[in-house]
Protein chains: 2
Amino acid sequence: MDRSQVRMSLKSKGIAATKPRVLLLEILWGINAPISVQQLYQSNSEKFALSTLYRVVNDLATADIIETFTSPDQNIWIEIKAEDGHHHHLYCESCETVIDIEMDEEFEASISDLRDQLSKKYNITIVDHSFELYGKCSGNVHCACNLD
Amino acid sequence: MDRSQVRMSLKSKGIAATKPRVLLLEILWGINAPISVQQLYQSNSEKFALSTLYRVVNDLATADIIETFTSPDQNIWIEIKAEDGHHHHLYCESCETVIDIEMDEEFEASISDLRDQLSKKYNITIVDHSFELYGKCSGNVHCACNLD
DNA sequence: TTGACAATGAGACTCATTCTCATTTATACT
DNA sequence: AGTATAAATGAGAATGAGTCTCATTGTCAA
């Protein structure tokens, strides 16, 4: 996804391709992993005003281009929204990092069943769900803290 | 669960049965549903200092007597810890309320499988997980906003 | 009952997030 | 391309949830 593709995708969602929006998406495409707003600001404070960063995150989330979620330490994390629905997350308490996890088909299917079931039972429209795991690594190779 | 039982349960966990701790637990037993710290303070501001409330919530969570979680609007919710593990939650975006939901055995089992699987795959000790659903009620009878 | 120590209350403090508003930028239209 | 206009941004002030401090109070073991 290069800059012009990013601009197109913004326009196709009906929002202006401004500099901070394009830049944020380029960063997210570049790292291809969840990042916290704080972390993002710390490594890019000269590129955005902090208020702009929060606003842009909000704009892009509203436009369904990125998705956000909150880790147990109350940090807001963002990532590009996957076409095939959304990711689930593994939060490592040791390195305070979030890893995207893949679920197998079967598990996804049982979540889908459950949503239907609960929707009927409580007579509520279910709009989304989250499934998150909390773990502790021991500085092992798979943990996101070792990916840099 | 009456006051003396609450006091006993605090002592059995090795923490002092102070007035704010007992009071908080009495309130939680009384409502028997998740409540946000903010909400709790708003309806009991004359009974606790705000700093005490946060401290006591933290103490009781550390002692494994209550459990806490964060809703998408960043509120911290608390409830008595269930003996049979933990609850999952349905957050209603319309009334900004959390409802405890029951899962069937089968789904719980598949979550447990998944935890084992991921623990191996990522070589991480998984300490907890959360599964939450987000919905929109239409002021219907099952939604927690109608329970008062 | 008392002493040692832990917990509380009140308010100051911190810091993430939101708000304000003057300036700049993107886009639609000549 | 040049321009009008509405939207977006930057900088910093304001807000407010949550934490910290410390003098006072309460708990409980002896």
Side-chain angles (χ1 to χ4, degrees), chain A residues 3-27 34-63 65-66 68-78 96 98, chain B residues 3-27 34-63 65-66 68-78 96 98:
Chain A
R3 182 161 308 181
S4 73
Q5 285 176 300
V6 167
R7 299 181 63 88
M8 303 254 269
S9 97
L10 282 166
K11 288 189 185 156
S12 77
K13 298 279 184 170
I15 69 171
T18 65
K19 214 181 298 179
R21 287 174 184 162
V22 171
L23 183 55
L24 176 57
L25 287 176
E26 285 185 317
I27 293 172
I35 186 170
S36 74
V37 176
Q38 289 297 324
Q39 231 173 296
L40 213 155
Y41 181 65
Q42 272 158 36
S43 33
N44 297 278
S45 55
E46 71 298 342
K47 304 198 191 92
F48 304 100
L50 183 56
S51 53
T52 303
L53 181 54
Y54 278 103
R55 232 174 347 209
V56 165
V57 163
N58 200 59
D59 295 341
L60 298 182
T62 302
I65 298 170
I66 65 175
T68 67
F69 59 97
T70 304
S71 52
D73 61 359
Q74 312 290 107
N75 267 108
I76 298 172
W77 295 75
I78 61 182
E96 295 175 7
V98 173
Chain B
R3 182 161 308 181
S4 73
Q5 285 178 300
V6 167
R7 299 180 64 88
M8 303 253 271
S9 97
L10 283 166
K11 287 186 188 161
S12 78
K13 297 280 184 171
I15 70 172
T18 65
K19 215 183 296 179
R21 288 176 185 160
V22 172
L23 182 55
L24 177 58
L25 286 176
E26 284 184 317
I27 293 172
I35 186 170
S36 74
V37 176
Q38 289 298 323
Q39 231 173 294
L40 212 155
Y41 182 65
Q42 272 159 36
S43 32
N44 297 278
S45 54
E46 71 298 340
K47 304 199 191 91
F48 303 99
L50 183 57
S51 54
T52 303
L53 182 54
Y54 278 104
R55 229 173 350 207
V56 165
V57 163
N58 202 58
D59 295 341
L60 298 182
T62 301
I65 298 170
I66 65 175
T68 67
F69 59 96
T70 305
S71 53
D73 60 359
Q74 311 290 107
N75 268 109
I76 298 173
W77 295 74
I78 61 181
E96 295 175 8
V98 173

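The analysis underlying the following values was restricted to heavy atoms, covering all of them including side chains, and did not include hydrogens, waters or symmetry mates. In what follows, chains carry the letters A, B, and so on, assigned in the order in which the sequence lines appear, proteins first and then strands, with residues in each chain numbered from 1.
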Could you check if a side-chain atom of [X] sits within less than 4.5 angstrom of a side-chain atom of [Y], using non-hydrogen atoms only?
{"X": "Thr70(B)", "Y": "Asn75(B)", "result": "no"}
{"X": "Arg55(B)", "Y": "Ser51(B)", "result": "yes"}
{"X": "Leu24(A)", "Y": "Phe48(A)", "result": "yes"}

> What about Arg55(B): does its side chain form a donor-acceptor pair under 3.5 Å with the base of dG18(D)?
Replying inline: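 Answer is no: no donor-acceptor pair is held.
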
> Which is true for Ile76(B) with a 4.0 Å heavy-atom rule: it touches a base, it touches only sugar-phosphate, or it touches nothing?
Replying inline: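 The residue Ile76(B) makes sugar-phosphate contact but no base contact.
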
> With sugar-phosphate meaning primed atoms plus P, OP1 and OP2, does Val56(B) contact a base, only sugar-phosphate, or nothing at under 4.0 Å between heavy atoms?
Replying inline: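 If one applies the 4.0 Å heavy-atom cut-off, Val56(B) turns out to touch the sugar-phosphate alone, with no base involved.
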
>> Need to verify one output field. Residue with the more 5' nearest nucleotide on DNA chain D, Lys19(B) or Thr52(B)?
In response: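 It is Thr52(B), whose closest nucleotide lies nearer the 5' terminus.
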
[X] side chain: which of [options] is closest?
{"X": "Tyr54(A)", "options": "dT27(C), dT17(C), dT27(D)", "answer": "dT17(C)"}
{"X": "Ser51(A)", "options": "dC19(C), dT19(D), dG9(C)", "answer": "dC19(C)"}
{"X": "Arg21(B)", "options": "dT8(C), dT17(C), dT9(D)", "answer": "dT8(C)"}
{"X": "Ala49(B)", "options": "dG9(C), dT27(C), dT17(C)", "answer": "dG9(C)"}
{"X": "Leu50(A)", "options": "dT17(C), dG18(D), dC28(D)", "answer": "dT17(C)"}
{"X": "Pro20(B)", "options": "dG18(D), dC28(D), dG9(C)", "answer": "dG9(C)"}
{"X": "Thr18(A)", "options": "dT8(C), dG12(D), dA26(C)", "answer": "dA26(C)"}

If I take atom [atom1] in residue [X] and atom [atom2] in nucleotide [N], what distance separates them, rounded to the nearest angstrom?
{"X": "Gln42(A)", "N": "dT17(C)", "atom1": "CD", "atom2": "P", "result": "11 Å"}
{"X": "Leu24(B)", "N": "dT8(C)", "atom1": "CG", "atom2": "P", "result": "10 Å"}
{"X": "Gln38(B)", "N": "dT15(D)", "atom1": "CD", "atom2": "P", "result": "17 Å"}
{"X": "Ile15(B)", "N": "dC28(D)", "atom1": "CD1", "atom2": "P", "result": "11 Å"}
{"X": "Leu53(A)", "N": "dG12(D)", "atom1": "CG", "atom2": "C1'", "result": "16 Å"}
{"X": "Trp77(A)", "N": "dT17(C)", "atom1": "CH2", "atom2": "P", "result": "13 Å"}
{"X": "Phe48(A)", "N": "dA11(D)", "atom1": "CZ", "atom2": "P", "result": "13 Å"}
{"X": "Lys11(A)", "N": "dA7(D)", "atom1": "NZ", "atom2": "P", "result": "17 Å"}

> Pairs in or reaching into residues 6-15 of chain B: which pass salt bridge (Lys or Arg N to Asp or Glu O under 4.0 Å), with residues at least two apart or in two chains?
Replying inline: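 For residues 6-15 of chain B: none.
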
>> Which is more 5' along DNA chain C, the nucleotide nearest Ala16(B) or the one nearest Gln74(B)? Just name the residue.
In response: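 Looking at the nearest nucleotide for each, Ala16(B) comes out on the 5' side.
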
>> On DNA chain C, does the nearest nucleotide to Lys47(B) precede the nearest nucleotide to Ala17(A) from the 5' side, or the other way round? Give the residue.
In response: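 The residue closer to the strand's 5' end, by nearest nucleotide, is Lys47(B).
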
> Per the side-chain contact (heavy atoms from CB on, under 4.5 Å) rule, which among Leu60(A), Ile27(A), Ile35(A), Val56(A) passes with Ile78(A)?
Replying inline: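 Exactly one pass, corresponding to Ile35(A).
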
>> Looking only at the side chains, is there a donor atom on one of Thr68(B) and Trp77(B) sitting less than 3.5 Å from an acceptor on the other?
In response: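 No, because no side-chain N or O of Thr68(B) sits under 3.5 Å from a partner of the opposite role on Trp77(B).
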
